[in-house]
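Inspection log for the structure reproduced underneath, given as structure tokens.
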Amino acid sequence: MDTPGEIDGLLPLTPAVFHILLALAGGERHGYGIMQEVVASTRGQMRIGAGTLYRSIKQLIASRMIEESDERPDPALDDERRRYYRLTDFGRRVAQAEAERLERLVSEARARRLLEGHAEGRPGVLGGLG
Amino acid sequence: MSGGREAAPWLVGLSDRLYRALLLACPPAFRKAYGAEMAQVFRTSCREAGRASGAAGVLRLWAPALRDLAVTALTECVQGGANMSKSRMIRWSGLLALIGGTLWPVTFVLIIGLEAVGAVTRTSTAPNLAQSIAYPAGWLFFAIGLVGLQARWTIRPRWLGWIAFAAALAGMLMLLVGGTGMGYVWYSNAAAGPMHQLCGATDDCQRTQMVEYALYVSGFAGYLVLGAGMALYGLLATVTRALPRGNRLLLVMGILAGTQYWLTDMGAPSILRNTGTPGVIVLASGTLLFTVVWSVGWIVLGRMLWAQPAEPGEAAGTQARPALS
């Protein structure tokens, strides 16, 4: 069973790792799907290469934050079978802890008036990471 | 070559083959585990870029892909090398600890056996020389084994685990230095006679005696430092179940090491030293118990280290995974 100390020891996450966890928080995806989701959620500001993606996947599996799901074709793409990944409960807790950490940072930035004039909905700090 | 917004299947195919060839730069284990997926992702990226932006879109993918691939290959090569070295070090530390655990009882039994048959006496050179070598060699191997344990399993909390490890290691090194030094002193004395009988009040003689005394203190105070460190190490391991087995064994080994300070010549309470045979039996039994448990303990721990595969994280990333069908 993980402890708060064990999760805290993993933070801060690298931008690539956090975005992969974010992408999987919405449901299981294959590698290309994760890349697409990252591009979409960052509005094109962050693109992960295949090498970075699978290095991160290797680390995340080793850290028990994600696990392999199954292999099946993606009807939206082609007939090729693709390996899907999903977030584990531990990975979800780590992603939540990182999101909370970033939220505290944003609050600090607002308190110091660094985000004055930034309206809701505009690309903010979280979207520009990486 | 079409510069318009048309699919470029020939360029996608060429890019795919070229990317697969460049994957050879990645270490074999990583390539076996993730190479097929990486190629599939790149191929899909090229196809989508070709549909969206034609050949130009496909070509634009190459610069970031090459940079990404170079970083990945370099990182995985370096990490793979470090992990391999670390795994090898851990396994060899286990083997040395196992040898150390065997060395003490074998030497002890051999000397006792030879004395029993009259081949040697307690003052003979050979058995004392053997002890002078086996004792410090054992400490050296145990120290290496301890390093292997620390490298293989994380004792939490990390900061306290490191303090316990450092104390235990320091104790072992004190015993190694003290044991080696006293062995040398004995060997020198055996040839020239006991120092305290030969030298008088000269400065050289007194300095030599001070060095002897320092080695003597190191050789026994080391048990106190080792005992404290090892007991804490074992306690943390037991509470957190850091090792797959042997956590309580570490704790017992630490406690017995600490008691050795009180059962040796320097620390033994006078009541034990002055009660004749019963005191001698207690002292000898305590030392025997420590020697047996310590040796067996390191044989067990050494076998565990030697037999351990790579760390779970390394195994997960490098084990052979079925290729995508």
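Residue numbers begin at 1 in each chain, while the letters A, B, ... track the order of the sequences.
- Other residues, nucleotides and ligands place no more than 12 heavy atoms under 6.0 Å from the CH2 atom of B:Trp92.
- Contact of B:Ser45 with chain A is made through backbone and side chain together, with heavy-atom distances under 4.5 Å.
- Counting heavy-atom neighbours within 6.0 Å of A:Arg101 CZ, excluding the residue itself, gives a total above 12.
- Closest approach of B:Val41 to A:Ala50, counting heavy atoms only: CG1-CB, 4.1 Å.
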Item to complete: Let me see the working for A:His30 and B:Gln40 under side-chain contact (heavy atoms from CB on, under 4.5 Å), right down to the final yes or no.
Response: CA-CA 11 Å; A:His30 51 69; B:Gln40 185 183 51; over 6 Å; no
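- In this structure, no portion of B:Arg241 lies under 4.5 Å from any heavy atom of chain A.
- Heavy-atom contacts from other residues, nucleotides or ligands closer than 6.0 Å to CZ of B:Arg91 number more than 12.
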Item to complete: May I have the step-by-step check of side-chain contact (heavy atoms from CB on, under 4.5 Å) for B:Phe30 and A:Arg55, ending in yes or no?
Response: CA-CA 9 Å; B:Phe30 183 80; A:Arg55 266 191 293 121; 4.1 Å; yes
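- Counting non-hydrogen atoms of other residues, nucleotides and ligands closer than 6.0 Å to CZ of B:Arg248 gives a total of 12 or fewer.
- Residues A:Thr52 and B:Thr72 come closest through the heavy atom pair N-OG1, 3.6 Å.
- Looking only at distances, no side-chain donor or acceptor of B:Glu37 sits under 3.5 Å from a matching main-chain atom of A:Arg82.
- Between A:Leu53 atom CG and B:Phe42 atom CZ the span is 14.0 Å, to the nearest 0.5 Å.
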